[in-house]
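All of these numbers come straight from a predicted model, not from anything done at the bench.
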Amino acid sequence: MPETTASATTANSASSPQEAWDAMSLLQQRAAVFRVQGLRETAEAFVVAFVLALLFRTFIAEAFVIPTGSMAPALMGAHKDVFCPECGQEFPIGASLENRSAAIENVVVGGVCPNCRHVYPLDLENNPEDATFSGDRILVSKFAYALSDPERWDVIVFKVPINPKQNYIKRLVGLPNETLTLMHGDVYALPGTPGEDAEPMVSRTGDPIGEILRKPPEKLLAMKSMVYDSNHQPSALVEAGYPARLQPWRPGVSSPPSDSWTVERSADGLLARVEASAETPQWLRYYHHWPTSEQWDDADNSLSLAGVDPYLGRLITDFYAYDAYLFVDADRVYDIKPSPSGVSPLQRLLGNSRGGGVFRPSYDSGGNLDQFRNHLQYGTSGYAGDGAHWVGDLIVEADVETAAGTQVLTMEIVEAGVQYRCNFDLKTGQASLSINDGQPRSFDAVAGSQNLNPIAETDVRAGSRHKLRFSNCDDELVLWVDDEVVAFETPATFDVSQFLKPEQVRPVYNGPGDPRDASPVGIAVRGGEATLHRMTIDRDKYYIATQNGNQMLDYDMSAINEFADATVRVEEIQAVMAEPKVWKDFPGWASRRRVSFPIGEDQFFPMGDNSPESLDARCWAGTKTRYGRDRSVDPDSYLFADAAFVPRDLLVGKALAIFWPHPWPTPVPFTPNFERMRLIK
């Protein structure tokens, strides 16, 4: 038997594939065909999927991770999402500096609340919500600009000219064939570039900076930065009697009148009520101030702060809570530093970039930051505790309820002493706009006729409640009613240079009875009752006029030093912002720079939303040679080293959406952060 079996086996092995096939039954042949076809189809499917993925990534869309905070808070790099323990305001703190090297060298240990300005020490050891999260993951369309040209205010991804191997993400501001000018935080564009044959246009005032660039309403809201939210009241300050930022006021008074608005504060927020006569409007005004560190200590120790001047007002500045991170050397926090080694791809996807680490026994996690003494540093600039530039372009939102029979509601924003108002006739619902700096000023004319009071029909009538948003940004007044933009019958745009020269654009203060820029937001009611349920104030972006990223300041510091006959520190300029009586004498207003950038054919000028911490087209020119990197084996890598623009060839695509922000560690681990999953505007 063994012999017969062996012979059969040898014969079978020697037979041809065709003979083996013929020896199979019909059922076996069909099964074999199905197996081969299934394997082939599976292999083909994998190949096709791989090819499609490559084609999709190369030509259609690709995912990117935001590394830094240059576009914050719209798009965030490595950061911390925290909640102020005093007022409950949620805010992000930049932490990209922790990722500048494989081994962590600096640690963010605190931040500053943008609402109440409480300095918040992080509890890195015990609070998982104080951890550093990775940047937003975004989807970028690489096909968008193959079909159409980039549009102004798009968020774009591109290869940075000073290092074409690296992707950057910024907002597109300057377009081809124009000269871009930055002045007083705003952006102007003049068609044509120097040296062209065509004679360049000039602005309406004859100044060759062109027309101001206005953001569409949806872009304005996407780019705004928080100033104040009345829904978040610090409990310690309320209990200590620290004055509310919203105070009743009327012309000529030096202290809040008792027969006007009443303001109530609690853990639930602020509620203001008024009953006004038909003859005199009753005003509720906003005063921008917050406690000193000593006053915070007094409040924490249950001492009274009722003696603080309620009409104390300082200027709103280009403060970014994202940039106001407090950090120390990692050795002052850790005995063994956290490391990226051992962190799985899944953990990275869930927002964790480092693991391990052993805290120093002497580190008091969540304790007073005085433990670091003079080793504590304040943001990249060193003076990030407040902004250094006055911002007059504001957005105010008020949740207002009026009683039946109330006659008039007014919203006001003041900039450079000029009063910009929106008046509601509550009987008809008609809204009208006005500009007044001592005399009525006109908006942009229509068919050569004066345009003093643009009007619009609204649903804002007595006996109703509405969310009203009013903005004065980029020489344009915009009104929203219940989140819908209101269309006025005539233009709501204007040219401030028609009645204020650039050197006259400075904050104005005429005493507590006429505070102007010391109280830049107000709301008034006449002829009836009203209740303010909530007020929020935001500011517009302030683009710093610089051509050198070493110092992000508008001011000509040499001119200020010469005037003062001493070396002036930025902290001293910040102190001026809090002293209304010295505003008129401050030489810094006249020393603010104006810088221009010519943009040629197929060239684009991007800037970051986070202007003080953005290495963008303002600062690229000469960067490589300035730092001694003026040689390369690849000359093409230096082709645009001195360019203040992005050539069309380096455009990658348009940012579409945040598809995966970091998750939350509570209420359960890896809770999706749905609120930040959104389209990018």
Side-chain angles (χ1 to χ4, degrees), residues 83-84 86-90 113-118 226-250 253 255-277 280-291 299 305-306 308 310-313 394-413 422 424 426 460-470 480-483 519-538:
F83 293 83
C84 176
E86 291 292 338
C87 71
Q89 179 68 50
E90 179 191 352
C113 175
N115 184 51
C116 69
R117 298 298 178 93
H118 174 70
M226 179 190 176
V227 174
Y228 172 72
D229 186 344
S230 69
N231 259 15
H232 295 275
Q233 296 292 324
S235 56
L237 299 186
V238 173
E239 293 172 4
Y242 186 83
R245 295 196 202 177
L246 292 173
Q247 290 289 337
W249 174 89
R250 67 171 57 107
V253 301
S255 61
S258 58
D259 57 343
S260 182
W261 289 80
T262 59
V263 178
E264 302 171 5
R265 292 180 293 166
S266 69
D268 296 326
L270 179 146
L271 194 70
R273 295 185 177 91
V274 70
E275 182 175 353
S277 67
T280 305
Q282 297 293 340
W283 283 92
L284 185 71
R285 304 205 65 90
Y286 172 77
Y287 293 85
H288 191 55
H289 60 79
W290 55 86
L305 295 175
V308 175
Y311 283 177
L312 180 67
L394 303 178
I395 307 162
V396 56
E397 184 175 301
D399 180 354
V400 185
E401 182 178 9
T402 57
T406 305
Q407 298 175 3
V408 178
L409 173 70
T410 301
M411 300 179 73
E412 179 185 85
I413 297 174
C422 180
F424 295 91
L426 298 179
V460 182
R461 289 178 171 82
S464 61
R465 179 175 174 177
H466 296 278
K467 184 170 69 173
L468 308 176
R469 186 186 298 123
F470 179 49
W480 295 257
V481 174
D482 298 324
D483 291 323
S519 178
V521 170
I523 186 168
V525 171
R526 181 167 60 83
E529 300 177 13
T531 301
L532 176 70
H533 295 273
R534 183 182 187 184
M535 177 182 283
T536 63
I537 299 173
D538 298 278

Legend entry - Whether T406 side chain and E529 backbone form a donor-acceptor pair below 3.5 Å: yes
Legend entry - From N115 atom CG to R245 atom CZ, the distance as rounded to the nearest 0.5 Å: 5.5 Å
Inset, instruction - Give the minimum heavy-atom separation between S266 and Q233, together with the two atoms involved. - result: O-CB, 3.7 Å
Inset, instruction - Start with the C-alpha gap between R285 and W283, add the side-chain angles, then the distance that decides, and say whether side chain to side chain contact (heavy atoms under 4.5 Å, CB included) holds. - result: CA-CA 6 Å; R285 304 205 65 90; W283 283 92; 3.6 Å; yes
Legend entry - CA sep, side-chain torsions, deciding dist, call: K467, W480, side chain to side chain contact (heavy atoms under 4.5 Å, CB included): CA-CA 8 Å; K467 184 170 69 173; W480 295 257; over 6 Å; no
Inset, instruction - Please say which of Y228, Y311, Y242 ends up in a ring-ring contact (aromatic ring centres under 6.0 Å, His included) with Y287. - result: Y311
Inset, instruction - Search all heavy atoms of S230 against all heavy atoms of R534 and return the closest pair with its distance. - result: OG-CA, 3.4 Å
Inset, instruction - Of all the heavy-atom pairs spanning R526 and S277, show the shortest one and how long it is. - result: CG-O, 3.5 Å
Which atom pairs, one a donor and one an acceptor, fall under 3.5 Å between side chains of residues 396-403 and the rest of the protein, sequence neighbours left out?
unit_1 : atom_1 : unit_2 : atom_2 : d
E397   : OE1    : R469   : NE     : 2.9
E397   : OE1    : R469   : NH2    : 2.9
D399   : OD1    : R465   : NE     : 2.9
D399   : OD2    : R465   : NH2    : 2.8
E401   : OE1    : H533   : NE2    : 2.9
T402   : OG1    : G463   : N      : 3.3

Legend entry - Separation between CD of Q407 and CG of L426, rounded to the nearest 0.5 Å: 9.0 Å
Inset, instruction - Apply side chain to side chain contact (heavy atoms under 4.5 Å, CB included) to R250 and S260, showing your working. - result: CA-CA 9 Å; R250 67 171 57 107; S260 182; 4.3 Å; yes
Legend entry - Rounded distance (nearest 0.5 Å) linking atom CD of E412 with atom CZ of F470: 9.0 Å
Legend entry - CG-CE distance between L468 and M535, expressed to the nearest 0.5 angstrom: 10.0 Å
Legend entry - Shortest non-hydrogen separation from R265 to L270 and the atoms involved: CG-CD1, 3.8 Å
Legend entry - Sidechain-backbone polar pair: T410 side chain, I523 backbone, donor-acceptor under 3.5 Å: no
Inset, instruction - For A236 and A299, work out which heavy atoms get closest and say how close. - result: O-CB, 3.9 Å
Inset, instruction - Quick one: closest heavy-atom pair of Q282 and A276, and the distance? - result: CG-CB, 3.6 Å
Legend entry - From CG (D538) to CG (D229), nearest 0.5 Å: 8.5 Å
Legend entry - Flag side-chain contact, heavy atom, 4.5 Å: V521 against L394: yes
Inset, instruction - Check side chain to side chain donor-acceptor pair (under 3.5 Å) between S464 and all other residues, then give those that pass, not counting sequence neighbours. - result: H466
Inset, instruction - Verify whether the ring centers belonging to H232 and F83 lie closer than 6.0 Å. - result: no
Inset, instruction - Test side chain to side chain contact (heavy atoms under 4.5 Å, CB included) on H118 and W290 and set out the steps. - result: CA-CA 9 Å; H118 174 70; W290 55 86; over 6 Å; no
Inset, instruction - To the nearest 0.5 angstrom, please state how far the CD1 atom of I413 sits from the CD1 atom of I395. - result: 8.0 Å
